[in-house]
Protein chains: 4
Amino acid sequence: MSRKSNTEQRREEIVAALLAVMAEQGYEKATIQAIAQQAGLAPGLIHYHFKSKGEILIELVKSLATLSHARYLDLAAAASTPRQKLQAYIDARLAKGPGAKPEAVAAWVVVGAEAVRQTEVRQVYEEALAFELALLHTLLGDYLNERSKRSGNVRKLAAGLLAFMEGAFQLASAAQNVMPKAYAATVAMQFIDRYIDAEPDLAGKP
Amino acid sequence: MSRKSNTEQRREEIVAALLAVMAEQGYEKATIQAIAQQAGLAPGLIHYHFKSKGEILIELVKSLATLSHARYLDLAAAASTPRQKLQAYIDARLAKGPGAKPEAVAAWVVVGAEAVRQTEVRQVYEEALAFELALLHTLLGDYLNERSKRSGNVRKLAAGLLAFMEGAFQLASAAQNVMPKAYAATVAMQFIDRYIDAEPDLAGKP
Amino acid sequence: MSRKSNTEQRREEIVAALLAVMAEQGYEKATIQAIAQQAGLAPGLIHYHFKSKGEILIELVKSLATLSHARYLDLAAAASTPRQKLQAYIDARLAKGPGAKPEAVAAWVVVGAEAVRQTEVRQVYEEALAFELALLHTLLGDYLNERSKRSGNVRKLAAGLLAFMEGAFQLASAAQNVMPKAYAATVAMQFIDRYIDAEPDLAGKP
Amino acid sequence: MSRKSNTEQRREEIVAALLAVMAEQGYEKATIQAIAQQAGLAPGLIHYHFKSKGEILIELVKSLATLSHARYLDLAAAASTPRQKLQAYIDARLAKGPGAKPEAVAAWVVVGAEAVRQTEVRQVYEEALAFELALLHTLLGDYLNERSKRSGNVRKLAAGLLAFMEGAFQLASAAQNVMPKAYAATVAMQFIDRYIDAEPDLAGKP
DNA sequence: TATGAATGAGTTTTCATTCAT
DNA sequence: CATGAATGAAAACTCATTCAT
């Protein structure tokens with residue numbers, strides 16, 4: 001009887017190792033040797049499970065996106081109103097509450113820089129962001145409906161929030177000494193609430 | 001008798017070459033060879049003018065910060081009201097109007113990723129951001145005064161805007177297909193105006 | 001399943017190659033390429049087994065010290081009296097008799113020059129010399145006892161002999177045409193015997 | 001009227017600079033840039049006065065030999081007996097008394113290592129040592145005559161002393177922590193005196 | 001599947017020497 | 001004579017990838 005394949009587990013271990021190393025070394029410095037050591041595996045084994053280093057990165061991008069969404073689903077489970085769901089989304093992405101992983105944030109920032117120049121990375125990176133943007137758009141739309149507000153600018157607000165969150169990741173990873181403590185989630189909700197409240201209220205009009 | 005020094009000029013040429021190469025290749029791929037070729041210089045000359053590749057990067061960070069501020073000063077010269085100055089600042093940083101350099105934006109994003117792990121880069125990067133944050137704080141304060149508003153949250157608003165702008169850079173460089181066109185400057189001013197208008201107006205109180 | 005490690009053997013081969021190349025080229029000219037070629041290995045493999053060129057040098061210093069001491073132990077095995085042991089020591093260090101390696105002598109000289117400026121090299125170099133000095137001190141003490149002599153100057157005599165031997169290495173490597181043939185071992189024993197015989201004989205005193 | 005050539009002075013400055021740099025950096029690390037900086041000259045000027053870096057080294061070897069001999073002549077001027085002259089020689093070479101230059105000693109050690117592999121250096125190095133050996137031989141012969149002793153071994157004694165002194169330089173430069181303080185000059189004279197006193201005195205024989 | 005040695009191309013850096021000014 | 005920029009060949013070191021075991 002042949003022994004059971006552990007490929008899937010190994011791949012996950014390797015991706016996790018890249019995440020850890022990349023968070024503090026960057027992508028180029030995350031050598032196969034370093035990843036192998038972090039994972040407690042032999043270097044040669046990495047290339048048995050992945051064709052190339054780039055393939056691990058791609059897998060990591062997907063993994064990070066999945067992770068983030070899983071966090072949202074977790075938090076959203078306890079939310080009933082549209083506002084609570086929005087709050088859950090913000091908290092999940094800005095890594096509040098249980099399961100926060102600063103090294104995942106740092107890795108995501110590095111991924112973003114790689115996406116600037118690696119086409120394949122950019123593709124999955126954009127896919128992930130497009131997904132988030134769509135989700136955010138929906139959540140914001142629901143929230144507007146709850147308030148009986150309308151806005152032609154939900155799309156821009158969603159884009160603005162997405163940009164804000166990406167920037168918050170960046171600054172949390174590379175300029176933590178400069179930023180105020182714990183501003184991100186608060187500011188995000190304020191942006192949303194005040195943005196929406198300032199919309200002309202069409203609901204009550206005759 | 002003595003030969004005239006052109007070091008300052010050469011250093012600027014080299015920094016400009018790094019900017020150009022880094023914008024589309026990233027920092028690691030911006031090899032000394034590539035920089036030299038971009039600048040039309042012999043590779044050895046790079047190290048005659050700079051002790052190391054890292055030193056060029058540090059110089060570039062300073063240069064980008066200076067460039068951005070110069071753009072603000074340019075635009076602000078024509079601004080008279082606090083709101084116009086704020087607008088000038090936003091436009092300058094988000095690279096609207098004349099003098100916009102998309103490659104400088106891309107380079108800044110890559111710099112940000114390097115700041116995650118290179119201590120020296122992080123230092124100058126943080127210095128630059130701290131400067132921007134202070135300036136933004138001042139501009140927002142002036143704007144509030146103009147509106148006879150008060151806010152204990154100017155600091156958080158400034159931080160939020162800074163994060164938003166950094167994120168906008170990131171997404172403009174690595175996810176241009178996902179984002180709406182020309183959302184950034186508009187959204188930034190809306191964040192500001194609505195944030196401020198939602199503040200309790202204390203001016204008229206006895 | 002697992003591949004057997006040959007690291008220890010490879011490291012020894014590489015150290016031996018450095019010894020050979022350094023003996024006739026000096027340390028700086030003993031390039032990684034040259035060492036690799038001497039050892040019949042690929043250049044990259046050198047850095048797989050050693051972190052840096054300096055590490056190979058450190059290893060070589062230790063190896064030379066060990067080699068020299070092994071030669072002494074070999075020769076001393078056949079010696080019964082303290083004088084014979086001293087003679088064995090002198091012969092071993094001055095590379096008389098079977099197992100003499102002129103290239104090891106030349107390499108040791110080069111090591112000595114590197115010890116002038118490389119702190120790490122100086123450390124192991126000094127350790128090796130301190131060991132030799134202590135051994136020489138012991139051997140001389142035993143010899144004195146045999147002769148029923150006493151001397152407060154054994155320490156200085158040992159130091160003098162050590163210096164003499166190091167100088168003999170130097171001159172054998174760099175000024176062989178100037179020095180008399182085969183003077184070293186003879187002169188060393190004469191220094192010892194006459195030095196000791198000139199000491200006031202305290203043995204017969206009441 | 002043409003301006004006076006300062007070539008000779010410049011050459012001496014450059015040689016002195018090499019001495020200083022080489023004493024603490026070794027020969028390979030004594031770059032033209034470093035030499036120029038030490039001398040306070042422009043790098044290009046070095047090659048105006050010397051054809052190559054090696055030529056400076058040759059000049060330095062000669063300079064060091066001359067310096068050492070000048071020191072002997074200085075000290076010997078006040079010596080009347082053969083023993084005093086010997087003492088003067090030993091003191092001069094082992095750098096006792098006024099004019100001692102530890103950095104010259106270190107440089108000489110480095111020179112010795114270069115002599116192992118550079119033919120041209122070895123030539124002048126050997127010339128210098130041959131000169132010292134001959135002088136030492138003469139001084140020892142005179143001392144023997146004064147004592148009415150004879151010895152067929154003056155040549156070997158001279159060689160032994162020369163080796164001892166070179167070794168003392170080496171150990172003073174690279175193993176100062178291991179050696180006793182101020183042993184060298186004392187031990188040298190003891191080697192001489194006891195060596196000679198132990199010779200069979202043929203003078204009084206019938 | 002797993003190991004770890006091996007390869008070789010590529011990278012930063014150094015530096016003697018040259019040369020225009 | 002003097003300056004200092006410029007060159008290009010070499011050096012150490014890195015590392016993804018391959019492969020024998």
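From a predicted model like this one, the values you see are computed outputs, not experimental measurements. Computation of the quantities below employed the complete heavy-atom set of this structure, encompassing side-chain atoms and omitting hydrogens, waters and symmetry-equivalent molecules.
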Return yes when atom CD of C:E120 has more than 12 non-hydrogen atoms of other residues, nucleotides or ligands closer than 6.0 Å, and no otherwise.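 Incorrect, the count does not exceed 12.
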More than 12 heavy atoms of other residues, nucleotides or ligands under 6.0 Å from CD of C:E55: yes or no?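 Atom CD in C:E55 is crowded, with more than 12 foreign heavy atoms closer than 6.0 Å.
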Between F:dT21 and E:dT1, how far apart are the P atoms? Round to whole Å, please.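 Those two atoms are separated by 23 Å.
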With sequence neighbours excluded, residues passing side-chain hydrogen bond (donor to acceptor under 3.5 Å, both in side chains) with B:S52: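 Once residues adjacent in sequence are excluded, B:S52 has no partner under the side-chain hydrogen bond (donor to acceptor under 3.5 Å, both in side chains) criterion.
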Please name all residues satisfying side-chain hydrogen bond (donor to acceptor under 3.5 Å, both in side chains) with A:Q38, sequence neighbours left out, ordered by chain then number.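 Listed in chain order: nothing, the list is empty.
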Nearest to the side chain of B:K53, heavy atoms from C-beta on, is which of E:dC15, F:dA11, E:dT12?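 The closest nucleotide is E:dT12.
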Secondary-structure stems for DNA chain E, with pairs counted as Watson-Crick or G-U when both distances are under 3.5 Å and runs at least 3 long: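 Stem segments, range with range: E:2-21 with F:2-21.
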side-chain hydrogen bond (donor to acceptor under 3.5 Å, both in side chains) contacts in which one or both residues fall within residues 40-49 of chain D, not counting sequence neighbours: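 Passing the test, one end in residues 40-49 of chain D: no pairs.
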May I have the distance from A:Q25 (atom CD) to F:dT14 (atom P), rounded to whole angstrom?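 The distance from CD of A:Q25 to P of F:dT14 comes to 13 Å, rounded to the nearest Å.
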Can you name the residues that form a salt bridge (charged side-chain N to carboxylate O under 4.0 Å, His left out) with [X], not counting sequence neighbours?
| X | answer |
| --- | --- |
| A:K62 | none |
| B:E13 | B:R10 |
| A:E12 | none |
| A:E28 | A:R117, B:K29 |

Please work out which residues in residues 35-52 of chain B have a non-hydrogen atom less than 4.0 Å from an atom of DNA chain F and list them by number.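 Only B:A42, B:G44, B:L45, B:Y48, B:H49 qualify.
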For DNA chain E, find the residues of residues 4-19 of chain C with a heavy-atom distance under 4.0 Å and give them by number; none if there aren't any.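 Hits under 4.0 Å, by residue number: C:S5, C:N6, C:T7, C:R10.
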Need to verify one output field. Residue with the more 5' nearest nucleotide on DNA chain E, B:E28 or D:G54?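 Final value for this comparison: B:E28.
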A:Q33 or B:T31: which one's nearest nucleotide on DNA chain E is closer to the 5' end?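 Its nucleotide being nearer the 5' end, the pick is A:Q33.
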By the 4.0 Å heavy-atom rule, please label D:I32 as base, sugar-phosphate, or nothing.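 Here D:I32 touches the bases of the nucleic acid.
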With sequence neighbours left out, write down each residue that passes side-chain contact (heavy atoms from CB on, under 4.5 Å) with A:Q123, or none if nothing qualifies.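 A:Q123 satisfies side-chain contact (heavy atoms from CB on, under 4.5 Å) with A:T119 once adjacent residues are dropped.
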Test of understanding: with side-chain contact (heavy atoms from CB on, under 4.5 Å), list the residues that count as partners of C:T31, not counting sequence neighbours.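 In terms of side-chain contact (heavy atoms from CB on, under 4.5 Å), with neighbours along the sequence ignored, C:T31 is linked to C:Q33, C:A34.
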